[in-house]
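Counting starts at 1 for both ligands and their atoms, following the listed order. The figures here come from the full heavy-atom set of this structure, side chains too, leaving out hydrogens, waters and symmetry mates.
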Amino acid sequence: MTDAPAATRPALDRLTDKSLCRQDAYVNGCWVGGSGARSAVRNPANRAMLAEVAGLTAPEAAASVEAAAVAFEMWRRTSAFERAKRLRAWFEAIMAAADDLAVLITAENGKPQKEAKGEVVYGAQFVEWCAEQAKRIEGDVLPSPFAGARTFALREPVGVVAAIAPWNFPLAMVTRKVAPALAAGCAVTLKPAPETPLTALALAALAERAELPKGLFNVVTGEASVIGPAIVEHAQTRMIAFTGSTATGKLLMRQAAEGVRKVALELGGDAPFVVFPDADLEAAADAIMASRFRCSGQTCVSANRIIAVGEIGEPLLAALEARVAKLKVGDGFAPGVEQGPLIHDRAVARVGGLVLAVKGEGGRVAVGGKALPELGGSFYAPTLIALQGASPTLRGAEIFGPVAVLSRAKDEAEALAMANDTPYGLAAYAFTRDAGRVFRLIEGLDYGMVGINIAGLGHASAPFGGVKQSGLGREGGRFGVEEFLEIKFAAIGGL
Ligand code: ADP
């Protein structure tokens with residue numbers, strides 16, 4: 001089901017507080033125009049220009065690290081209670097502006113309003129949780145082998161963090177890095193994705209309102225190949241926190257190696273979603289829809305390979321077919337729309353290429369299978385493809401689009417082997433009601449996160465992250481705060 005183009009009203013007219021739409025970068029508490037070329041931010045639903053953000057030069061981006069280094073020296077000495085208070089104020093400012101933030105997210109990312117509102121609440125929870133956790137960063141008193149000596153393990157902030165965020169969650173991928181970093185006592189320079197800088201800049205405006213000290217949270221915009229190295233390779237940067245593609249993650253890891261900087265990397269996923277014959281079929285189909293089609297399939301934990309075991313194959317295909325065919329596609333601001341556009345036309349072309357390749361492997365298109373240029377933006381039809389075995393094309397290739405591919409496996413052993421046959425290891429899902437199998441799967445799936453009979457894995461308290469080429473480190477919960485802390489050992493003798 002599709003809707004006619006809904007570009008009836010400029011997207012940002014919906015903002016109640018227009019001052020949240022910032023086009024300049026935010027460095028050391030000032031809004032900076034930058035001396036490089038400005039770049040357009042476009043609405044992927046209709047390609048209309050939303051804003052032109054500042055293009056910082058390398059020295060201008062480097063200045064944000066220098067400002068962060070000064071702010072860090074002050075911030076690390078504030079009390080944990082003060083840091084908690086400031087983070088709490090930022091959380092409250094975000095929640096007070098929730099509707100406007102959701103407008104910015106839909107405008108620049110394309111996801112439907114309902115999802116955008118959900119992202120604001122989800123993303124804000126990291127700020128709230130980290131405000132609380134800031135007061136719970138503790139050390140240890142250790143036994144010493146020497147009589148009379150005292151030994152301690154202290155937790156100290158890493159220092160200045162260069163954070164780099166993707167476009168699929170323009171708010172949550174920012175707060176999931178910045179909030180734990182600030183809670184730990186670090187200062188941050190953030191580079192948002194060029195497709196979605198407006199939400200990040202609005203978060204900076206809200207941090208300013210919450211009286212976060214200047215220099216603690218900077219947002220730099222401009223050419224990634226210019227400002228990226230300027231902040232990542234800066235002598236005063238101590239850590240890189242990144243979410244994005246595995247290819248860019250590897251590049252950043254190499255850049256970090258020179259200064260032996262700490263890295264936290266959330267990279268690609270290739271999530272298997274295995275459905276066993278004893279599963280609750282309707283619940284499994286609903287969960288696949290939620291996992292596969294959220295943000296039009298553009299998430300790193302989306303079900304990339306659906307594996308139906310044994311006789312559940314046909315009924316699962318039918319249940320998915322009915323659901324996929326009903327999805328309403330259109331402008332994310334239009335009422336009832338469940339599927340927005342992809343982020344840009346390159347993404348549409350890439351997804352089209354993958355669909356073609358899977359068809360070439362014997363895949364049968366049950367629903368969709370084509371771009372929807374008639375909608376006036378970067379749209380691809382929600383698609384369902386049925387395959388017999390595994391798809392060689394999709395082994396280690398993220399679909400990152402609204403395309404569900406259902407393969408078959410004969411038994412648990414084959415399904416597990418298929419599920420693990422990938423260089424990635426972020427999220428894996430399975431639906432089964434067999435208690436023994438639940439434990440075999442949790443232990444046997446080579447992934448950082450496993451969801452059994454559930455598709456939602458991100459919570460403020462959960463350690464989100466992957467193994468193998470899906471990354472290093474965890475975001476969320478106390479684990480996420482730990483990433484921004486170093487352990488200092490102190491030994492005192494002879495007192
Ligand atoms: P995608 O191709 O889906 O945009 P990327 O991994 O390229 O995924 O992008 C994620 C983030 O990494 C974005 O903010 C992007 O601008 C940034 N990025 C891309 N290349 C570089 C680079 N060389 N240095 C620093 N950041 C980069």
Side-chain angles (χ1 to χ4, degrees), residues 25 36 39-42 44 53-58 60-62 64-65 108-111 161-178 188-201 203-204 218-234 237 239-259 261 263-270 295-302 304 341-351 353-354 378 397-401 424 426 466 469-472 475:
S39 58
V41 182
R42 293 189 182 277
V53 296
L56 299 194
T57 60
E60 287 164 347
S64 73
V65 176
E108 61 182 355
N109 166 281
K111 67 178 69 178
V161 178
I164 299 177
W167 45 260
N168 58 349
F169 290 89
L171 188 140
M173 292 307 101
V174 173
T175 54
R176 217 160 76 170
K177 292 168 181 54
V178 177
V188 185
T189 280
L190 170 88
K191 193 200 88 56
E195 294 86 352
T196 58
L198 302 181
T199 309
L201 292 167
L203 286 173
N218 307 279
V219 180
V220 292
T221 53
E223 189 58 51
S225 59
V226 174
I227 64 172
I231 62 170
V232 168
E233 296 179 355
H234 195 291
T237 297
M239 177 171 167
I240 321 300
F242 171 74
T243 299
S245 63
T246 296
T248 301
K250 287 178 183 177
L251 174 77
L252 295 175
M253 210 170 163
R254 280 194 287 271
Q255 291 176 350
E258 188 52 37
R261 299 184 177 90
V263 290
L265 305 171
E266 297 291 344
L267 309 178
D270 175 14
C295 194
S296 297
Q298 303 170 109
T299 92
C300 51
V301 290
S302 285
N304 209 49
L342 301 195
I343 191 68
H344 42 46
D345 290 347
R346 294 191 306 286
V348 176
R350 203 188 52 81
V351 170
L354 282 177
S378 305
E398 278 189 290
I399 298 172
F400 241 64
Y424 292 109
L426 187 59
Q469 292 195 29
S470 288
L472 291 169
E475 286 186 337

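- For a threshold of 3.5 Å applied to N or O pairs, the pair formed by Trp167 and ligand 1 contains at least one separation below that value.
- Glu223 places no side-chain N or O within donor-acceptor distance of the main-chain N or O of Gly55, the cut-off being under 3.5 Å.
- Residue Ala165 approaches ligand 1 through these ligand atoms, each under 4.0 Å from one of its heavy atoms: 11 (C), 13 (C), 14 (O).
- Heavy-atom proximity to Ile164, at under 4.0 Å, picks out these atoms of ligand 1: 11 (C), 12 (O), 14 (O), 17 (C), 25 (C), 26 (N).
- Here is the list of ligand 1 atoms found below 4.0 Å of a heavy atom in Gly228: 24 (N), 25 (C).
- In summary, the side chains of Thr299 and Ser302 do present a donor paired with an acceptor at a separation below 3.5 Å, with no hydrogens or angles considered.
- Annotation: side chain of Thr57 is not in contact with side chain of Ile227 (no heavy-atom distance under 4.5 Å).
- Figure legend: cation-pi geometry between Lys191 and Phe242 absent, as NZ or CZ is not positioned both under 6.0 Å from the six-membered ring centre and within 45° of its axis.
- Less than 4.0 angstrom separates some heavy atom of Pro194 from each of these atoms of ligand 1: 16 (O).
- Looking only at heavy atoms of the protein, atom 15 (C) of ligand 1 is closest to Lys191 NZ, 3.7 Å.
- Within ligand 1, counting atoms from 1 as listed, the ones closer than 4.0 Å to a heavy atom of Pro192 are 14 (O).
- In terms of protein heavy-atom proximity, atom 21 (C) of ligand 1 is closest to Thr248 CG2, 3.7 Å.
- Scanning the protein for heavy atoms near atom 24 (N) of ligand 1, the closest one is Ala224 O, 3.7 Å.
- Taking the side chain as every heavy atom from C-beta outward, His344 and Glu195 approach each other to under 4.5 Å.
- Within 4.0 Å of atom 2 (O) of ligand 1, not a single protein heavy atom is present.
- Using a 4.0 Å cut-off between heavy atoms, Ala247 makes no contact with ligand 1 at all.
- Interatomic distance, CD of Gln255 versus CZ of Arg261, reported as 9.5 Å (0.5 Å rounding).
- Between Thr243 and ligand 1, not a single N/O pair is under 3.5 Å apart.
- Protein heavy atoms are absent from the 4.0 Å sphere centred on atom 9 (O) of ligand 1.
- Using a 4.0 Å heavy-atom cutoff, Phe400 is absent from the residues neighbouring ligand 1.
- Residues Lys111 and Gln298 have side chains that never bring a donor and an acceptor to within less than 3.5 angstrom of each other.
- For Gly249, the closest heavy-atom approach to ligand 1 does not fall below 4.0 Å.
- Contact record, Leu201 with Val53: CD1-CG1, 4.1 Å, taken as the closest heavy-atom pair.
- Between the side chains of Ser378 and Asp345, a donor-acceptor pair is found at a separation under 3.5 Å.
- Listed here is the closest heavy atom pair of Ser470 and Leu426: OG-N, 3.2 Å.
- For ligand 1, the atoms sitting less than 4.0 Å from at least one non-hydrogen atom of Leu251 are 23 (N), numbered in the order shown with element in parentheses.
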